[in-house]
2 protein chains.
Amino acid sequence: MARVTQADVARAAGTSMAVVSYVVNGGPRPVAEATRQRVLAAIEQTGYRPDGVARALVGGSTMTLGLIVPDIANEFFAELAAAVEQAARAAGRTVLLANSEGDASTELDLLDTFLQRRIDGLVIVSQAPAAADRLLNRAKTRHVFLGAAPESAASIGVDNFGGAVAATRHLLEHGHSRIAAIAGPAGDHVAEARLAGWRHAVAARPTAGRVRFVQHPFTVTGGYDAALALLNPSPLAPGGPASGASIFGRSGPAGARVRPQAVFASSDRQAIGLLRAAADLGLSVPDDLAVVTFDGSSISAYAVPALTTIQQPIAEMAELAVRQLIDPDPQPLRAVLEVGLVVRRSCGCPPAHL
Amino acid sequence: MARVTQADVARAAGTSMAVVSYVVNGGPRPVAEATRQRVLAAIEQTGYRPDGVARALVGGSTMTLGLIVPDIANEFFAELAAAVEQAARAAGRTVLLANSEGDASTELDLLDTFLQRRIDGLVIVSQAPAAADRLLNRAKTRHVFLGAAPESAASIGVDNFGGAVAATRHLLEHGHSRIAAIAGPAGDHVAEARLAGWRHAVAARPTAGRVRFVQHPFTVTGGYDAALALLNPSPLAPGGPASGASIFGRSGPAGARVRPQAVFASSDRQAIGLLRAAADLGLSVPDDLAVVTFDGSSISAYAVPALTTIQQPIAEMAELAVRQLIDPDPQPLRAVLEVGLVVRRSCGCPPAHL
DNA sequence: GTGAAAGCGCTAACAC
DNA sequence: GTGTTAGCGCTTTCAC
């Protein structure tokens, strides 16, 4: 018993393939009710399932959306993937997933593969937006960038600057004046925007005194190292990561540093590293050190203490992206979504429960 | 400029479609080197990319593997997905991902969709193994179950019992005698195996006195609730989840309970909830309460204190699964992989660093 | 070594 | 309302 095809159904129903197609697809031609029933019965009886591959070949659409992220094991992207898959499924689409591993050339290879698979559209957190955009345009494949994106392409981003400002201000409102920052890698678009937001907020209170920031990867170890650089009374060992200068001038010799009262961490993962470093240094969060972070991934809620964070609207991003990809006539999209402050324990606000 | 097809290339190279196919696929017939070069040039010049859909229609294979998990946002499954995608990519396959949301009927729908897409094989963490197996067998689609699986199907599991024994023994070795357990939901295959392991280990030391366990979902809140039930001196509010009896007889009235010195948590997520509950109750981990957990997902390393855990060999599972799916002649597979104890801080062992 | 042609399973004109 | 038929882009037999 090989694959059941439309021809088999047609035979069983005593009709033609075309009619079978019409009832399966509800068109484009009408079918008499009686015939319809016979076909339905035949489908039932034969166990026929339309072949998506053949369908895609003739019809044009594969009903498949691609998703490329740097690392699906990262909770932020995992949550994004879950949201995209859900939105796609709700729209009857299936999603092809791949990790670029943060590597531009891997990403381009992946794109090639997806294009050969004739995906209908792509959601991408890109390492090489310009190149990706070019490739996708040439293939006439719809796509939306999340985060970094070329000017002319559809994209969805969040207000990184505004979020960082809000986070830092919240710390300011707690009465802290020495608020340091753990920034993302230099040159990263998102990292720079968040750093700028922090800068903007602390600059508003010149009494803030010596304010410092360090630039580290968006990882747990990145946050750990950053925290050590920020919190350690002694200077870093040679070869350690570079510290940023105070915005009020170069900070004094390490021995003279005043410990920050609070830290704005640019990502949840970094904040997790910071928490560990604080624990290692015997510092209590939020009593000795207040912390606000950015992302709002589930990890921030699980941490002890729970992290006050700037929440990204992941579900909204996913829905918007999917909608854009399947919209019959899509408008140019260049969304910047609002982020919200989620107050939990790490900033020093009163405890709330799970 | 529409899609570039093989015919275009053939025309440009002054040859036939068949020859183009031969050079693209390196067979099945030989091609003269000179012709080959002309074809290659034509491909380059036209920007031809083979169409995967058409290829799949005739060839049979879509070079696509499916992955169905309950929830990709769960770090354990996210890590699994990353590993599966990586293994698949290394083998030239692409992965179609979907979330069953822990729901059997959603899972079956998903299966249907994947089958229509003609996936070559499927890796599944199933909610309805028997039904899924039947469907997949009927469609002659290869598949491997992770975790719960029908007897006759290919499956990969881990030694849940042995892992739980090792975890509990480690706690015993720390000198604790009152070791409670947070089990997964009753009826869950994996949960039962881990619970049995804990039982086995504590039974070996009858001096353990009153040992208790509670059954809760494999979630952070499940762990939180479980911890409250285990650690609170006062009885639970009415309507709270049921507590298991002591294996040495029903435990006494709540007021008379002795607080456990240690807890074996059946999953990392539950342990995270436990950590939070302990903090809320003013209990220090590991000083007041030692903890060992199960899974070894990244979250366990990030927690403060870092969690001592039973690590599942995720990469190995993924590689084994993918290999099984693409193996030209697959042997029946019924693997039970070993798990390892990863010692960190939560059990009371001396601190180690990030 | 190369090419013509027969499908893979389906949809959608286009006739009837 | 229903059936015939021409492809969709590709692989692969089979002749030359």
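For the numbers below, each heavy atom of this structure counts, side chains included, while hydrogens, waters and symmetry mates do not. Throughout, a chain's letter reflects where its sequence line sits, starting with A, and its residues are numbered from 1.
- Taking atom CZ of R11(A) as the reference point, atom P of dG9(C) lies 12 Å away to the nearest angstrom.
- With respect to E101(A) and R89(B), a salt bridge is recorded, a charged nitrogen being found less than 4.0 Å from a carboxylate O.
- Nearest heavy atom pair, residue A149(A) against residue P129(A), reads CA-CB, 4.1 Å.
- Residues D120(A) and T62(A) bring a donor and an acceptor atom of their side chains to less than 3.5 Å of each other.
- Remark: C1' of dC10(D) and CG of N25(B) are 9 Å apart, rounded to the nearest angstrom.
- Judged by distance alone, with hydrogens and angles left aside, R29(B) brings no side-chain donor or acceptor close enough to the base of dT12(D) to form a pair under 3.5 Å.
- Across the interface with DNA chain C, nearest-nucleotide mapping of V24(A) and P30(B) shows P30(B) to be the residue nearer the 5′ end.
- Under a 3.5 Å cut-off, the side chain of N99(B) and the backbone N or O of I72(B) do form a donor-acceptor pair.
- When the nucleotides dG3(C), dG1(D), dT11(D) are ranked by their closest atom to the side chain of T15(B), dG3(C) comes out on top.
- A close approach under 4.0 Å does not occur between any side-chain nitrogen or oxygen of S21(A) and OP1 or OP2 of dA12(C).
- Distance alone, capped at 3.5 Å, places no donor-acceptor pair between the E33(A) side chain and the V31(A) backbone.
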Below 3.5 Å is the cut-off: list the nitrogen or oxygen pairs between protein and nucleotides 4-9 of chain D, distance only.
unit_1 : atom_1 : unit_2 : atom_2 : d
dC8(D) : O2     : V58(A) : N      : 3.4

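- Looking at N25(A) and R55(A), their side chains do bring a donor and an acceptor atom within 3.5 Å of each other.
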